Amino acid sequence: AGAPVPRPAFGGAFRRGALWNGAVATHCEVGAFDAERFLHGAPDAERLARALAAAARAVRRFHDAGGWHPDLHVKNLLVREVGQRCEALVIDLDGARVVPAVAAGERMAQLMRLYRSLRKRGLLAAVGDAGADRFFREYAGDDRALAQRMLDRLPAERRRIALHALLYRKS
C-alpha cells in the first residue's frame with residue numbers, strides 16, 4: 001500500500017500441531033543505518049533536519065497505509081542519506097498489523113513511544129525540543145484536524161512518560 005518498509009525477498013511458514021510459525025526475509029537496505037546509530041554520529045543541524053523530516057514522513061505514510069506498529073522506537077527506523085536527500089523506512093514489523101485506519105490517539109501513542117525511546121537511550125538532547133517539534137509538524141503536514149486530535153492525547157502520554165521515567169531509574 002506504499003508504506004515505507006523494506007522490500008520483502010521471500011517468506012515461509014510451517015505448521016507444528018495447531019500452530020503456525022512464519023518468517024519473512026527482506027532485501028538489505030544498502031547504506032541505511034538505524035536512527036539510533038545515525039543520532040550517535042552527531043549529525044549537523046541540516047542533516048538532522050532532513051533525517052527528522054524523512055522519518056516523520058515515513059511514519060505518517062506507514063500509518064496512512066494502515067500500518068500499526070507494536071514497538072515503534074528509534075532502532076526501528078532506518079535512515080539513508082542519498083546526496084542531499086534523506087530517506088527513512090519503518091522496520092521490525094514482527095507483530096505489526098494492517099488495520100483499516102490508525103486512529104489519531106493511536107498515532108500519537110506510537111509517536112510518543114518513539115519519543116520515550118529517545119529519552120531512554122539518552123538521545124533526546126541530540127534531537128532537541130525543536131527537532132521533536134519539527135518531527136511532529138512534518139508528520140501532521142497540513143492536516144490541522146489530525147494534529148489537534150493527536151495533541152488531545154498529549155496529557156495522557158505525558159503521564160505515561162512520567163511513569164516510564166520512574167521505571168528507567170529502577171533499571
Side-chain angles (χ1 to χ4, degrees), residues 1-6 29 32-41 43 45-81 85-168 171:
V5 297
E29 294 295 338
F33 303 98
D34 68 62
E36 179 181 48
R37 182 174 171 191
F38 176 82
L39 291 171
H40 276 301
E46 277 187 38
R47 289 179 59 221
L48 178 61
R50 283 193 299 267
L52 289 170
R57 288 190 304 268
V59 175
R60 172 70 189 261
R61 285 182 29 228
F62 180 77
H63 287 158
D64 286 351
W68 181 90
H69 200 294
D71 191 26
L72 187 61
H73 60 76
V74 69
K75 289 185 70 70
N76 285 341
L77 291 175
L78 287 185
V79 176
R80 176 178 30 230
E81 295 177 286
R85 289 184 315 109
C86 192
E87 303 168 344
L89 297 171
V90 178
I91 64 168
D92 192 8
L93 302 175
D94 184 33
R97 298 189 312 252
V98 177
V99 296
V102 182
E106 185 57 39
R107 289 172 185 244
M108 188 60 155
Q110 289 189 22
L111 293 188
M112 294 306 288
R113 169 81 173 88
L114 180 59
Y115 178 89
R116 288 191 310 274
S117 78
L118 290 169
R119 184 175 177 163
K120 181 178 180 180
R121 296 167 193 268
L123 293 167
L124 196 51
V127 172
D129 291 340
D133 182 58
R134 179 185 180 95
F135 183 97
F136 182 79
R137 283 186 289 110
E138 191 70 38
Y139 179 94
D142 294 331
D143 193 340
R144 289 181 181 207
L146 173 64
Q148 187 56 57
R149 288 192 312 272
M150 291 174 68
L151 288 172
D152 289 345
R153 172 77 182 238
L154 196 54
E157 292 301 327
R158 285 189 173 141
R159 287 189 296 275
R160 185 177 278 177
I161 287 170
L163 177 62
H164 281 259
L166 292 173
L167 298 173
Y168 299 155
S171 54

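Predicted model only: the values in this text are computed from it and were never measured.
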Would you sort out whether R116 and E157 count as a salt bridge (charged side-chain N to carboxylate O under 4.0 Å, His left out), showing the intermediate values? CA-CA 10 Å; R116 288 191 310 274; E157 292 301 327; 3.5 Å; yes
List the steps and the verdict of side-chain contact (heavy atoms from CB on, under 4.5 Å) for L77 and V90. CA-CA 5 Å; L77 291 175; V90 178; 4.0 Å; yes
For R121 and K75: C-alpha separation, side-chain torsions, deciding distance, then whether side-chain contact (heavy atoms from CB on, under 4.5 Å) applies. CA-CA 10 Å; R121 296 167 193 268; K75 289 185 70 70; 3.2 Å; yes
Worked check of salt bridge (charged side-chain N to carboxylate O under 4.0 Å, His left out) between R57 and D64: CA-CA 10 Å; R57 288 190 304 268; D64 286 351; over 6 Å; no
Run L93 and N76 through side-chain contact (heavy atoms from CB on, under 4.5 Å) and show every step you take. CA-CA 9 Å; L93 302 175; N76 285 341; over 6 Å; no
For Q148 and D152, what are the C-alpha separation, side-chain angles and deciding distance, and is it a side-chain contact (heavy atoms from CB on, under 4.5 Å)? CA-CA 6 Å; Q148 187 56 57; D152 289 345; 2.9 Å; yes
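Side chain of H63 to backbone of A104: no donor-acceptor contact under 3.5 angstrom is found. Checking side-chain atoms of R60 against main-chain N and O of Y139 turns up a donor-acceptor pair under 3.5 Å. In terms of modelled atom types and a separation under 3.5 Å, the side chain of R134 and the main chain of A49 share a donor-acceptor contact. Without hydrogens or angle criteria, R107 side chain to V102 main chain gives a donor-acceptor distance under 3.5 Å.
Expressed to the nearest 0.5 Å, how far NE2 of H73 lies from CG of L118 amounts to 11.0 Å. Separating the CZ atom in R37 from the CG atom in L78 is a distance of 11.0 Å, to the nearest 0.5 Å. Going from atom CG of L111 over to atom CG of L72 covers 7.5 Å, rounded to the nearest 0.5 Å. Summarising the geometry, atom CD1 belonging to I91 is positioned 7.5 Å from atom NE2 belonging to H69; distances are rounded to the nearest 0.5 Å. Atoms CE and CG, from M112 and L154 in turn, are 5.5 Å apart once rounded to the nearest 0.5 Å. The CZ atom of R153 lies 5.5 Å from the CZ atom of R160; values are rounded to the nearest 0.5 Å.
Side-chain contact check for L39 versus L48: some heavy-atom pair is nearer than 4.5 Å. Side-chain contact between H40 and E36 is present, with at least one heavy-atom pair separated by less than 4.5 Å. F136 places a side-chain heavy atom less than 4.5 Å from the side chain of L151. With a 4.5 Å cut-off on side-chain heavy atoms, Q110 and V59 do not count as touching.
Heavy atoms only, all atoms of each residue included: L52 and F135 are closest at O-CD1, 3.6 Å. The minimum heavy-atom distance linking E81 with C86 is given by the pair CG-SG, 4.2 Å. Contact between V98 and A65 at its shortest, heavy atoms only, is CG1-O, 4.1 Å. P70 and D94 make their closest contact through CG-O, 3.7 Å (heavy atoms, listed as atom of the first residue, atom of the second, distance). In terms of heavy-atom proximity, F62 sits nearest to W68 at CE2-N, 3.8 Å. Of all the heavy atoms in A58 and A88, the pair that sits closest is CB-O, 3.5 Å.
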